[in-house]
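These numbers come from a predicted model, not from an experiment.
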Amino acid sequence: MKLSILLAVFSVVAGVSATDILYQDDFESSIPGKAPKGWKNLWGKPGNDTFTVSSEKSVSGDNSLQFKRTDNDNIWQSFLHLPKFKDGNIEISFNFLLLGKPGDTNYRLVYRKVVSDPQPEIDLRLTLNGVSGQIAKNRFKLEEVAIAPDQWYNLSLKFPTAAEDGKEILITLTDVAAKKEQKCTIPWRNDKTESGVLIWEFPGKPKDTSLFLDDFKIANTQD
């Protein structure tokens, strides 16, 4: 009897906190100068640009992932394919740092169900003028946390995989050093989400700019 009760309690607790890690990398086990694991070029010509592990900047360890714009005028993309989702929520979180002039830093992060989808489900812009984007037809801009060069910020997104799991996406932007954050909720579509791809789009023409990424994590939570 006692064993049955304990097993039932354990099952409830385990169900509440169940988490599947779909992707996680702090880049500490990677060699600087090497390409990041899992990310592949989608389209466009990188030229002399690099999207590699770097020891130049880091939040807590020694390494991070750096996109460095050189003399290339082309827009190009790199993507990460995500495994099949379970019911619950998808949480995407990463730290980022920008170097360059405000008008030159304009990095785009897109989530699509499949690579060929004409309309992205999530479309974000990371710039020194702020973090903004569009979810379906809803535009937003996070203005309470100012983005400054050479400072670390954390961006997280949490969205349900099905209508019964929720109807909103939660976006949180945090100044890592100042510990100041802004939260924003936006209506989310009701159809089921089973998988997808994350796509970084690197802008054309602006030179001598960099985007650093660290502690990148994508989780599927059943809470």
Can you tell me how far [atom2] of [Y] sits from [atom1] of [X], rounded to the nearest 0.5 angstrom?
| X | Y | atom1 | atom2 | value |
| --- | --- | --- | --- | --- |
| Leu173 | Tyr153 | CG | OH | 8.0 Å |
| Phe159 | Ile135 | CZ | CD1 | 9.0 Å |
| Leu82 | Ile218 | CG | CD1 | 4.5 Å |

side-chain hydrogen bond (donor to acceptor under 3.5 Å, both in side chains) partners of Asp104, counting only residues at least two apart: none
task: Report whether Val176 and Ile92 are members of the same hydrophobic cluster (ILVMFWY, side-chain heavy atoms less than 4.5 Å apart, transitive linking).
output: no
[Y] and [X], any side-chain heavy atoms less than 4.5 Å apart:
| X | Y | answer |
| --- | --- | --- |
| Ile90 | Leu22 | yes |
| Trp188 | Pro160 | yes |
| Leu157 | Leu124 | yes |

- prompt: Taking the six-membered ring for Trp, are Tyr107 and Phe96 ring centroids under 6.0 Å apart?
  reply: no
Aromatic ring proximity Phe94/Trp200, centre distance under 6.0 Å: yes
Under 3.5 Å, side-chain donor or acceptor atoms of residues 52-61 against the rest of the protein: list the pairs with distances, not counting sequence neighbours.
residue: Ser54; atom: OG; partner: Glu56; partner atom: N; Å: 3.0
residue: Ser54; atom: OG; partner: Gln66; partner atom: OE1; Å: 3.3
residue: Lys57; atom: NZ; partner: Asp150; partner atom: OD1; Å: 2.7
residue: Lys57; atom: NZ; partner: Asp150; partner atom: OD2; Å: 3.3
residue: Ser58; atom: OG; partner: Gly61; partner atom: N; Å: 3.2
residue: Ser58; atom: OG; partner: Gly61; partner atom: O; Å: 3.2
residue: Ser58; atom: OG; partner: Asn63; partner atom: O; Å: 3.2
residue: Ser58; atom: OG; partner: Asp214; partner atom: OD2; Å: 3.2

- request: Quick one: do Glu181 and Lys183 satisfy salt bridge (Lys or Arg N to Asp or Glu O under 4.0 Å)? Show the steps, please.
  value: CA-CA 7 Å; Glu181 71 175 24; Lys183 293 181 180 290; 3.7 Å; yes
field: Worked check of salt bridge (Lys or Arg N to Asp or Glu O under 4.0 Å) between Glu121 and Arg189
entry: CA-CA 9 Å; Glu121 303 291 319; Arg189 53 182 177 48; 2.2 Å; yes
Under the ring-ring contact (aromatic ring centres under 6.0 Å, His included) test, residues paired with Phe212 that sit two or more places apart: none
Lys217, NZ atom: more than 12 neighbouring heavy atoms under 6.0 Å: no
- request: Count the heavy atoms belonging to other residues, nucleotides or ligands that lie under 6.0 Å from CD1 of Ile21, then report whether that count exceeds 12.
  value: yes
field: Summary of side chain to side chain donor-acceptor pair (under 3.5 Å) pairs that have at least one residue in residues 28-39, sequence neighbours excluded
entry: Tyr23-Trp39
statement: residues 75-86 vs side chain to side chain donor-acceptor pair (under 3.5 Å), sequence neighbours excluded, gives Asp20-Lys86, Trp43-Gln77, Asp49-Trp76, Gln77-Glu201
field: salt bridge (charged side-chain N to carboxylate O under 4.0 Å, His left out) pairs, two or more places apart, involving residues 122-143
entry: Arg108-Asp123
